[in-house]
A.B. asks: 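Take a look at this one; I'll ask things after.
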Amino acid sequence: QVQLVESGGGWVQAGESLRLSCAASGRTFSSYVMGWFRQAPGKERDIVAAISWSRGNTYYADSVKGRFTISRDNAKTTVFLQMNSLKPEDTAVYYCAATRAVLIPLGQQGYPYWGQGTQVTVSS
């Protein structure tokens with residue numbers, strides 16, 4: 001059973017940084033894609049960034065390019081999302097997700113495994 005546990009959310013002011021972590025367990029993740037999604041109140045859950053575990057290929061939503069960086073620690077089976085220059089519009093619940101895939105799925109339906117989410121609030 002795949003388990004994903006996020007941590008690192010919180011409240012920050014605009015321009016500050018946060019680093020989210022997603023501890024993954026229950027599988028060998030070498031053939032998996034790991035994604036970060038976010039969902040603001042009243043909005044859909046959208047992909048923020050994703051990484052293929054074995055190749056390290058990455059994807060970023062246009063809204064976060066140049067500000068967010070996704071990375072992985074193979075030894076700890078942990079995926080990180082470094083978020084810099086945060087904006088109020090980044091406020092959302094952030095979810096870690098996993099799927100066994102070669103290409104990176106961009107929609108939430110492509111990910112069968114999800115964490116519980118962590119709140120990120122950015123004040124202006």
Side-chain angles (χ1 to χ4, degrees):
Q1 182 73 13
V2 173
Q3 289 190 323
L4 305 173
V5 180
E6 302 103 331
S7 60
W11 180 91
V12 296
Q13 293 189 327
E16 294 184 340
S17 299
L18 279 175
R19 188 175 83 153
L20 305 183
S21 299
C22 173
S25 62
R27 287 284 192 278
T28 300
F29 289 94
S30 57
S31 58
Y32 276 64
V33 168
M34 307 296 293
W36 284 99
F37 286 73
R38 67 185 180 188
Q39 187 168 22
K43 296 189 176 182
E44 294 187 353
R45 189 175 298 187
D46 294 325
I47 192 167
V48 174
I51 187 167
S52 62
W53 202 287
S54 59
R55 299 180 180 181
N57 296 340
T58 57
Y59 168 85
Y60 295 95
D62 287 342
S63 59
V64 306
K65 281 181 181 176
R67 299 189 299 124
F68 290 12
T69 303
I70 189 170
S71 62
R72 70 208 188 288
D73 182 326
N74 289 337
K76 297 180 179 180
T77 59
T78 301
V79 177
F80 303 99
L81 185 68
Q82 178 67 41
M83 305 186 295
N84 298 329
S85 303
L86 282 161
K87 304 176 181 180
E89 51 264 43
D90 294 319
T91 296
V93 177
Y94 283 70
Y95 296 90
C96 178
T99 185
R100 186 170 181 176
V102 175
L103 301 179
I104 295 177
L106 301 186
Q108 59 174 313
Q109 64 274 15
Y111 294 80
Y113 306 108
W114 292 86
Q116 80 286 355
T118 185
Q119 177 70 47
V120 172
T121 303
V122 184
S123 64
S124 58

A.B. asks: Mind checking what makes side-chain hydrogen bond (donor to acceptor under 3.5 Å, both in side chains) contact with Ser71, not counting sequence neighbours?
C.D. replies: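 Per chain and number, Ser71 pairs via side-chain hydrogen bond (donor to acceptor under 3.5 Å, both in side chains) with no residue.
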A.B. asks: Can you tell me how far apart CH2 (Trp114) and OH (Tyr95) are? Round to the nearest 0.5 Å.
C.D. replies: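 Rounded to the nearest 0.5 Å, the CH2-OH separation comes out at 8.5 Å.
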A.B. asks: Are any non-hydrogen side-chain atoms of Tyr111 and Phe37 less than 4.5 angstrom apart?
C.D. replies: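 Yes; the side chains approach each other to less than 4.5 Å.
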A.B. asks: With a 4.5 Å heavy-atom cut-off, do Phe80 and Thr69 have their side chains touching?
C.D. replies: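 Not in contact.
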A.B. asks: Is it true that a side-chain atom of Ser124 and a backbone atom of Pro88 form a donor plus acceptor pair closer than 3.5 Å?
C.D. replies: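 Not confirmed, Ser124 side chain does not pair with Pro88 backbone.
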A.B. asks: Only one of Leu20, Val79, Val48, Val64 clears side-chain contact (heavy atoms from CB on, under 4.5 Å) with Ile70; which?
C.D. replies: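 It is Val79; the other options fail the test.
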A.B. asks: Would you sort out whether Arg72 and Phe29 count as a side-chain contact (heavy atoms from CB on, under 4.5 Å), showing the intermediate values?
C.D. replies: CA-CA 11 Å; Arg72 70 208 188 288; Phe29 289 94; over 6 Å; no
A.B. asks: Passes side-chain contact (heavy atoms from CB on, under 4.5 Å), Met83 versus Tyr94? Steps please.
C.D. replies: CA-CA 12 Å; Met83 305 186 295; Tyr94 283 70; 3.8 Å; yes
A.B. asks: Do Trp36 and Phe68 have side chains that approach each other closer than 4.5 Å (heavy atoms only, starting at C-beta)?
C.D. replies: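 No, every pair of side-chain atoms sits at 4.5 Å or beyond.
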A.B. asks: Keeping the roles fixed (side chain from Thr118, backbone from Ser7), state whether a donor-acceptor pair exists under 3.5 Å.
C.D. replies: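 Side chain of Thr118 to backbone of Ser7: no pair is present.
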A.B. asks: Determine all donor-acceptor pairs shorter than 3.5 Å in which one atom belongs to a side chain in residues 96-104; sequence neighbours excluded.
C.D. replies:
unit_1: Thr99; atom_1: OG1; unit_2: Gly110; atom_2: O; d: 2.9
unit_1: Arg100; atom_1: NE; unit_2: Ser31; atom_2: OG; d: 3.3

A.B. asks: Test your reading of the model: is there a side-chain donor-acceptor pair from Thr91 to the backbone of Val122, 3.5 Å cut-off?
C.D. replies: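 Yes, the answer is positive, given that a donor and an acceptor are paired below the 3.5 Å cut-off.
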A.B. asks: Once salt bridge (Lys or Arg N to Asp or Glu O under 4.0 Å) is applied, what residue pairs with a partner in residues 34-45 remain, sequence neighbours excluded?
C.D. replies: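 Output for this query lists Arg38-Asp90.
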A.B. asks: Quick check: does any side chain N or O of Glu6 sit under 3.5 Å from a backbone N or O of Gln116, one acting as donor and the other as acceptor?
C.D. replies: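 Judged by distance alone, yes, a pair lies under 3.5 Å.
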